[in-house]
Amino acid sequence: RDVAVTGVQTCALPIWKLFATGLTEILGLAWRDGVLYVTQQGEVTSLIDTDGDGRADRFETVSDAWAWGGEHEFNFGSNFDKDGAIWTLHGLTGSYTSERPFRGWALRHFPDGRWEAMCSGLRSPGGIAFNAAGDVFYVESQGPWASANMLKQLKPGGFMGHPIGNKWYDRAPNMGPRPAEPTGGDTGRRHLDAQRIPQLVLPSVVLPYKKMGQSASAIMLDVSGGKFGPFAGQFFIGDYTLSLVMRAEMEKVNGAYQGACYPFRQGFATGLIGGTLTRGGHMFVGGSKRRGWPVRGEGTNNVQRLDWTGKTPFEIHSMRVKPDGFELRFTAPVDAASARDPRSYTLETFTHHYFGAYGGPEIEQAPQQI
């Protein structure tokens, strides 16, 4: 809260109170009608304070439609979608296999206990969020069938690209037929397989590995209406390994989202796992140096807040595709002579393999003439 002291606006220190205990790795929080919903490893749970003493005393299972019990089987939960449901994302077993039901899937769950399968083909998701239109997106980490980190739309009925979990289609009749197997190997390309596999969803934004993070995590939509700077409606994406935040923005072309990503801020204290950007224009990020995994930030556990200084940075605001090239919009006026000079720009194209090897290099690089 804000407290006025002799005409000077100051911020009171936060007060922390224990609300609930006995939960396992909460990676999703949602609040509605006085009830806190948490996505933990084994279930979505509702926590209710029935006697008003500030402590949860009623714990109810909302949904435990998936199975859990192995390394890397993380479960990320969303806020409520426009239909009143919470989406959950389920990482693969050991990041390679699907040993238990719905590992490598996205499900959604209603407060009354109903649930349904939404997407297959996930590998190691790291964050989930809705854009301003209410469409849902997640970030995929580099690994088998993912040569780079990606920001992807979770289209209902979609296949996100990793085939190992498709054996659970018999438990999800609403999803339709099981997708065909990807081509794989040195000739495998995602855009080519999308012509053959109608369920395959292409990435909206590819996050070039190490150039733009290494282990993408939290997705944060800027709902501040300009209180966080000139990027209202765009996504910010945390990264665990490199302890930084990226920015991504998209447009919808012929029903598909596509866009670009940009550096934003680095130097956070630890590996970022969770985050949110408030309507008041404050970005909160937090994380840990988990189990000795390599991470640039040295802090063991940290929560940090990032505020806009009020000074507009000079950045590329957005990038739009046109029939004859790209249109760049900046956050401030540019020098006309420099902007018109083709020598001010460089452009290189490349792609990736779409195969079962862990990660993969940029291939087919080609410099382009401006």
Looking at [X] versus [Y], is the centre-to-centre ring distance below 6.0 Å?
X    : Y    : result
W293 : H72  : yes
H109 : W66  : yes
F236 : F264 : yes
W68  : F74  : no
F110 : W115 : no

Would you name the heavy atoms of [X] and [Y] that are closest together and state the gap between them?
X    : Y    : value
D239 : S217 : N-OG, 3.5 Å
A129 : F235 : CB-CE2, 4.1 Å
Q153 : Y257 : OE1-CD1, 3.3 Å
P125 : Y138 : CB-CD1, 3.7 Å
V35  : S46  : CG1-CB, 3.7 Å
G281 : F228 : O-CD1, 3.2 Å

### Task
Step by step, work out the ring-ring contact (aromatic ring centres under 6.0 Å, His included) result for Y169 and W105.
CA-CA 10 Å; Y169 263 80; W105 284 65; 4.9 Å; yes
### Task
Is it possible for you to check whether K289 lies under 6.0 Å from the centre of the six-membered ring of F268, through NZ or CZ, and within 45° of that ring's axis?
no
### R189 to Y354 six-membered ring, cation-pi geometry met (6.0 Å, 45°)
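No; the conditions do not both hold, so R189 does not lie above the ring face of Y354.
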### Query
Only one of V62, N79, T45 clears side chain to side chain contact (heavy atoms under 4.5 Å, CB included) with Y37; which?
V62
### Query
So, does R320 use its side chain to make a donor-acceptor pair with the main chain of E327 at under 3.5 Å?
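Looks like no, no N/O pair under 3.5 Å.
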### Task
Return yes if a side-chain donor-acceptor contact under 3.5 Å exists between S98 and W168, otherwise no.
yes
